[in-house]
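Nothing here was measured: the structure is a model prediction, and the numbers come from that model. Numbers here simply count residues along the sequence, with the first being 1.
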Amino acid sequence: MNIEALDRAAIIEAVTAEVMKRLGLAEGKPMASKKQAVLLTAEPLPELEKKLKPYYEVHYYDEALRDCDVLIIPTICIQLLSHLANGISAGPRERFVLTMLLKGRKVIALEEGLLYRKYKSTAPVLLYKMYDEFADKLSNYGIRMAKEAELLSACMDEGRPMDMQADPHSKSDKVPDDPEVLNRRVITEAEVKKYRLQNRTEIVIDRHSIITPLAQDYLRMQRMQVRRR
């Protein structure tokens, strides 16, 4: 066998080994039956791997991945937070996260990984509040926020976020009668959420009240109606 043939054989062997590895068939092992968990990072995180591996086949994100059962976001930088909060598919990472949400896959973000929180003591109040509202939007979109110590239970929990479980038009939910009129000058997202948690599908506000853009987004997403008096 000449050198060229040896090289070709080595390439075929390496490709076959990689394919078998991805299929979970290497060394004659049966195809893995574990669910697939993806860590959205290229940085090795052995502690998280150790927690997940008894229950999941753990992968690190790469652009070739197309699906998983659980997507874990260990770190959310300001750029990623801003893009996701506004539904912007600015790159492969954002596209993968948004696709998993659209597919109804479980997406978990670690609270310790919200990088903007490191600047709480120095950041301008309104800027920090905006990023807080972005984090709330991620929760509203179905991304579960969990502390690292709670990661495994969050992964194993089959439940869905309350906002996703509730049908805003369900007739079986008990809705308080005669909604009060919100007389505040400015209606914020936080105030609207309080009414949504009461299973209300409508808020009544003063005719001069102003609804913030984030509150408007929330109302639209939850299909809530606004009535002015």
Side-chain angles (χ1 to χ4, degrees), residues 20-77 80-81 83-85 87 89 92-118 131-168 170 172-173 193 196-197 199 218 221-222:
M20 297 291 280
K21 180 182 177 183
R22 293 197 174 206
L23 293 174
L25 297 175
E27 299 177 354
K29 293 180 181 177
M31 184 177 288
S33 59
K34 290 180 180 176
K35 290 185 175 181
Q36 307 292 306
V38 169
L39 295 166
L40 194 76
T41 178
E43 178 188 352
L45 297 172
E47 288 300 317
L48 291 187
E49 276 192 66
K50 186 179 177 181
K51 286 182 182 179
L52 295 167
K53 276 192 169 176
Y55 308 97
Y56 292 94
E57 192 77 27
V58 180
H59 303 275
Y60 285 90
Y61 170 73
D62 70 56
E63 294 183 21
L65 287 171
R66 291 292 177 268
D67 205 352
C68 66
D69 296 292
V70 180
L71 173 61
I72 298 157
I73 311 175
T75 302
I76 299 185
C77 65
L80 183 60
L81 175 67
H83 285 162
L84 293 179
S89 178
R93 289 183 313 164
E94 290 89 342
R95 188 157 50 248
F96 187 65
V97 176
L98 294 171
T99 302
M100 292 303 99
L101 288 172
L102 290 171
K103 285 185 173 183
R105 302 292 189 259
K106 185 174 289 185
V107 180
I108 301 169
L110 295 184
E111 289 189 19
E112 296 90 335
L114 289 165
L115 295 185
Y116 77 93
R117 291 186 176 174
K118 293 195 312 182
Y131 289 129
D132 260 347
E133 291 174 338
F134 281 176
D136 286 343
K137 289 181 82 170
L138 299 194
S139 297
N140 294 335
Y141 295 163
I143 296 178
R144 179 166 178 173
M145 297 291 174
K147 295 185 182 300
E148 184 174 338
E150 303 165 349
L151 175 61
L152 197 53
S153 60
C155 289
M156 307 298 283
D157 179 13
E158 294 299 327
R160 304 181 70 191
M162 183 178 293
D163 279 352
M164 298 180 67
Q165 286 182 346
D167 178 354
S170 171
S172 62
D173 294 334
K193 282 182 177 177
R196 181 65 192 89
L197 290 174
N199 292 322
Y218 186 82
M221 188 173 58
Q222 297 294 327

Q | Within 6.0 Å of OH in Tyr55, more than 12 heavy atoms from elsewhere | A | no

Q. Could you state the interatomic distance from CD (Glu94) to OG (Ser89), rounded to the nearest 0.5 Å?
A. 7.0 Å

Q. Is it true that a side-chain atom of Tyr141 and a backbone atom of Ala85 form a donor plus acceptor pair closer than 3.5 Å?
A. yes

(Q) Quiz question: by atom type and distance under 3.5 Å, do the side chains of Tyr218 and Asp136 form a donor-acceptor pair? (A) no

Q) Between atom NZ of Lys103 and atom SG of Cys68, what is the distance when rounded to the nearest 0.5 Å? A) 8.5 Å

Q: Apply side-chain hydrogen bond (donor to acceptor under 3.5 Å, both in side chains) to Asp69 and list each qualifying residue two or more places apart in sequence or on a separate chain.
A: none

Q: First locate atom CG of Leu39, then atom CG of Leu52, and finally report the distance between them rounded to the nearest 0.5 Å.
A: 6.0 Å

Q.
The criterion is side chain to side chain contact (heavy atoms under 4.5 Å, CB included); which residues satisfy it with Lys51, sequence neighbours excluded?
A. Glu148

Q.
Could you tell me if the side chain of Ile72 sits less than 4.5 Å from the side chain of Leu151, heavy atoms only?
A. yes

Q | Set of residues satisfying side chain to side chain contact (heavy atoms under 4.5 Å, CB included) with respect to Lys50, sequence neighbours excluded | A | none

Q: Can you sort out the partners of Glu49 under salt bridge (charged side-chain N to carboxylate O under 4.0 Å, His left out), two or more places apart, ordered by chain and number?
A: Lys53

Q: Could you tell me the separation between the CZ atom of Arg117 and the CD atom of Glu112, rounded to the nearest 0.5 Å?
A: 9.5 Å

Q | Within-4.5 Å side-chain heavy-atom neighbours: Thr75 and Leu40 | A | no

Q: Walk me through it: do Ile108 and Val70 pass the test side-chain contact (heavy atoms from CB on, under 4.5 Å)?
A: CA-CA 8 Å; Ile108 301 169; Val70 180; 4.1 Å; yes

(Q) Restricting to non-hydrogen atoms, name the atom on Leu71 and the atom on Met100 that form the minimum distance, rounded to 0.1 Å. (A) CD2-CG, 4.1 Å

**Q.** Residue pair Ala135 / Tyr116: nearest heavy atoms and the distance that separates them
**A.** CB-OH, 3.8 Å

Q: Apply ring-ring contact (aromatic ring centres under 6.0 Å, His included) to Tyr56 and list each qualifying residue two or more places apart in sequence or on a separate chain.
A: none

Q. Does any non-hydrogen side-chain atom of Ile143 lie less than 4.5 Å from one of Leu101?
A. yes

(Q) Can you confirm whether Cys77 sits close enough to Leu81 that some side-chain heavy atom of one is under 4.5 Å from a side-chain heavy atom of the other? (A) no

Q.
To the closest 0.5 Å, what do you measure between CG (Leu114) and CZ (Phe134)?
A. 13.0 Å

Q) Arg105: what forms a side-chain hydrogen bond (donor to acceptor under 3.5 Å, both in side chains) with it, not counting sequence neighbours? A) Asp67

Q) For Val97, which of Leu102, Leu138, Leu84 qualifies under side chain to side chain contact (heavy atoms under 4.5 Å, CB included)? A) Leu84

Q) Do Val38 and Tyr60 come within less than 4.5 Å of each other through their side chains, counting heavy atoms only? A) no

Q. Just how far is it from atom NE2 of His59 to atom CD of Gln36, taken to the nearest 0.5 Å?
A. 3.5 Å

